[in-house]
Amino acid sequence: MSTKPTPSAAPVPRDFSARSKEFFVKHMVTIMFLVLSVLGFILSGMSPFLFLMDIVARVSRNAFLVLSLVIPVMAGMGLNFSIVLGAMAGQASLIFVTHWGVQGLPGILLCMALVTPLAMFLGFLTGNLFNKTKGQEMIAGLILGFFAQGIYELIFLQLVGGLIPMANTTLVMSSGIGIRTTVDLTNGLKYGLDWPGQFWGNDLLLRPTLPWTVLGIAAAVVVAFLLYRFVLKGKIPSISHLVGGAACLGIASWWSIIQIQTSSQINWIRVPLLTWFVIAALCGFILFFSRTKLGQDMRSVGQDRHVAAVAGIQVNRVRIIAIMMSMVMAAWGHIIFLQNMGAFSTYGSHEQIGLYSVAALLIGGATVAKATIGQALLGVFLFHTLFVVSPAAGRQVFGDAQIGEYFRVFVAYGVIGVTLAMHAWKLLIQNRAKQQL
Amino acid sequence: MAPNTVLRMEHIGKSYYGTQVLKDINIAVKPGEIHGIVGENGAGKSTLMNILFGMSVIHSTGGYEGSLYIDGTSASITSPQDAMALGIGMVHQEFMLLPNYTLTENIKLNREVLKPNPISRVFGDNLKSLDFATMNRDARSALDRLHINIEEYAQVAGLPVGYMQFTEIARELDKKNLKVLVFDEPTAVLAESEADHLLNAMKEIAASGIAILFITHRLGEIVEICDHITVLRDGTHVVTKPKTETDVFELAELMVGSQMEAADQSSRDTSQRAKLLEMRNLVVHMPGERVRGVDLDVYDGEILGLGGLAGQGKIGIANGLMGLFPTTGDALFNGTPIALNNPKASMAQGFAYVSEDRRGVGLLLDSSIELNIAFSAVQNQEQFIRRWGPFTQLDSGSIRNHALQYIKDLDIRCTGPTQLVRRLSGGNQQKVCIARALTMNPKVLLVSEPTRGIDVGAKRIVLDALRRLNQELGMTIIMTSSELGELRSICDRIAIVTDGRIAGILKPNDSDVNFGLLMSGQQASKGA
Ligand SMILES: Nc1ncnc2c1ncn2[C@@H]1O[C@H](COP(=O)(O)OP(=O)(O)OP(=O)(O)O)[C@@H](O)[C@H]1O
Ligand SMILES: [Mg+2]
């Protein structure tokens, strides 16, 4: 045994072309969307200002929802289409808090507090269902969404105003039974998180302009890094660190200061800073979580339920927790989404979010078996870039914005279909290769 | 019963779907004792251990009869957690590893070392962070006890099976409250030298007061290290004897009820025949079994053995020829080059392969025996297919007959050709793998470790079947094995692979010394 050579971990030497081919195949979806986005942007002839304004708003309101999909993938449960239930719970809480008249940031916090136990309960039920349909979680989640839609409609169309009393002429239909088809959040919860200052009559509080935000974040990152490395860890600043830090800070502040000085249009773009903080906190939590005991258990269960069970991990319990966490995050994510939109269609707003969030995650390069925070954020960015530029590009190229519109819907559904098919196909090929022998 | 038994199993019985597979088994083990359990394939050894470890296959099929006592007190074990809490550890016959994890993460699976953080202080222990530094240190020391010098932070995926086995053993060693440790055929995947190492480690473990239950088909190992030996036959308890009162021959007789045949050592001189396969500077990038440049000729119709220590590359050669790992160099078949790195092309040439990795490459566990046997031939050669114009139909009649023939020839112990492969014992699954490869009527059959996990009686049957096919059909066979005795019993020539190259080619009747020298990298005194 002592003569046994240690297998070296050195990768198999392959030439550059083989490696780059592998890279392209692996990141095919993401690269395709990158190309489409850049192309669309050029064709649309959009001003960078308009583009930035739209994209900042869209990414801020959608990121949280898409991030809610990461944990179930970790636990091997695939793309959690059941987040639609979380969205319904989020809408329910918005309706009631609007009815009670709580406004602004306190209203949003109340919504989140209210929806948490409800989403946990829904997650618990869904998790149990998924445990009975192992391996079919995605389709079960989709069907569950349709089923829940029925119950949701029963409650808000038939019971509210009747069994559940609600005397509110703006929310309830004129017949006195059922919530109206649209709920308007203006003068209430709208921008409750994005623009908390509005509640106290302050325009600027937590809502800086884009250049100031960039400047601030650059400074904060550099300072945090220096503090962490040199104060906490007691390491002496090295030249390269200082130069690198200075360069980052330099470029960021140079760009910001030029924008501020020239008072360009970019200064009109306001950043929902509190929302960004919340998103950053969620990213931080997911990173932290994947290095905890429960996170490790989820990854173990995700790889092989049988091996995990033999090691004594309570597989079903871990899977239920994963879905409960995802459900709560989805509910909060949908509240964040709707407070930015400012109004929602009572019986339709939640329908799309499952598909769109899944599409965004997949575009970022995630698969049914692996998803990271980076992929989620990149996916949101690319997906919405395409949303922003394709109508304009359609108008420029075909003289009809509707064609761009069709295109992006087609793309959203197409990418889900193709990715799921590709995943199934990959598994098939792997199994074939193994079993042919 | 002696008061100081750590484990007592009394009147244990078990039936699967109405078939009684265990009846009235009684076993008692003292601390520090090594207790061997032997029996034919399908005798019920793994089932008995699964009962002890609370595996879900037992409890989802109606539980078991009888009672278990740990340290003299009655224990109810209904899940692996229960078993582990009581200090029972198990190295399973099938691998229980997560391929995308590192060795450390596998060794520490569900026993991760945790450290508190501000969030866990509020939300509970589940959110404690993993302490990778300590985990790596523990894993390192467990691996060191087994003298394994692979990095603990390497990923398990792609490691050769021998290393995986040691990783599993390291996991059990790392458990601190361990009282009883079960080894279900731990040496089956190991070369002899590795197995020796493991046996030594087991003796050390026992000396520290842990009781060991040891299952193996290598009877030599049993008499070497066990204190007591229990023999099972067809689910019944034949006898339990102290080692001092028995020997290999008696055990074999008790197991199968017949005397072992002596190995056949006659070999043919094949060097005058045509060259069927020529390998030139073959390099195979198989992690842990790297082939670094092999030149080797295989003659038409011979049985060539590939031997050598684990990790030296003997396993890589067949994997490379079948296109399963990146391969460079030349391989000529009947004088024409073979497309490397392409399993389909290799199979089209008439190669068939029985992998050393039965679980990873091989069986459709939830399909019937007959379908598994026919599968490759249906997929690749359109055997057993009836054509109706554009439509095809499986010819179930001939599949059935074919399967029945092999069940008889290889003595596959089953309830019938429609039994699911998952419900076969380990050794009988291996026989199905072999039957599948043979069904393809290959020109060249590559077999790796064909008798791994097969009992002594069945081993003879399998080797005889290989020999018969070779003689009757002229099938050329390249057999890779860690068991030198097995190679010497049927091969015409034996090539020893050391450090990724052919160290030399010997006759089966060459002296042990020559084999030993080649394996340790020295020149043999006289080659063949
Ligand atoms: N999950 C199962 N369902 C039904 N029958 C099973 C199952 N597992 C094992 N058996 C049957 O139980 C019997 C004993 O099998 P077991 O795996 O205990 O044998 P073994 O002694 O370990 O053999 P081997 O040496 O081949 O591993 C066999 O007849 C087998 O077919
Ligand atoms: Mg067994």
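Residue F351(B) does not touch chain A at all, counting heavy-atom pairs closer than 4.5 Å. Only the side chain of L114(B) comes within contact range of chain A, judged by heavy atoms closer than 4.5 Å. Contacts between D297(A) and chain B at a heavy-atom distance below 4.5 Å involve the side chain alone, from C-beta outward. Contacts between S79(B) and chain A at a heavy-atom distance below 4.5 Å are absent for every atom of the residue. Residue I119(B) touches chain A through its side chain alone, counting heavy-atom pairs closer than 4.5 Å. For M55(B), the part sitting under 4.5 Å from any heavy atom of chain A is the side chain, from C-beta outward, and nothing else.
Around CZ of F288(A), the count of heavy atoms belonging to other residues, nucleotides or ligands within 6.0 Å exceeds 12. Taking a 6.0 Å sphere around CZ of F285(A), one finds it holds more than 12 heavy atoms contributed by other residues, nucleotides or ligands.
With 3.5 Å as the limit, one finds a donor-acceptor pair spanning the side chains of K293(A) and N110(B). One side chain, T372(A) or Q375(A), offers a donor N or O that lies under 3.5 Å from an acceptor on the other. Between the side chains of E105(B) and Q296(A), a donor-acceptor pair is found at a separation under 3.5 Å. Defined by atom type and a distance below 3.5 Å, a donor-acceptor pair is present between the side-chain atoms of S300(A) and Y101(B).
Listed by first and then second residue, the side-chain hydrogen bond (donor to acceptor under 3.5 Å, both in side chains) pairs involving residues 274-286 of chain A are S60(A)-W276(A), D194(A)-T275(A) (not counting sequence neighbours). Residue pairs meeting the salt bridge (Lys or Arg N to Asp or Glu O under 4.0 Å) criterion with at least one partner in residues 114-124 of chain A, sequence neighbours excluded, are absent. Screening residues 121-139 of chain A for salt bridge (Lys or Arg N to Asp or Glu O under 4.0 Å) gives E137(A)-R319(A) as the qualifying pairs, with residues at least two apart or on separate chains.
Ranked by heavy-atom pairs under 4.5 Å with chain A, the list D82(B), N106(B), D125(B), L109(B) is led by L109(B). Between chain A and the residues L130(B), D196(B), L97(B), T328(B), the most heavy-atom pairs under 4.5 angstrom are made by L130(B). Taking chain A as the reference chain and counting heavy-atom pairs below 4.5 Å, the highest number among V354(B), N117(B), L127(B) is found for L127(B). Note on K115(B), Q155(B), E112(B), R171(B): by heavy-atom pairs under 4.5 Å with chain A, the leading option is E112(B).
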Verdict with reasoning, V278(A) to I336(A), per side chain to side chain contact (heavy atoms under 4.5 Å, CB included): CA-CA 10 Å; V278(A) 171; I336(A) 294 175; 4.1 Å; yes
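For residues 322-332 of chain A, heavy-atom neighbours of chain B at less than 4.5 Å comprise no residues at all.
L146(B) and A201(B) get closest at one heavy-atom pair: CD2-CB, 3.8 Å.
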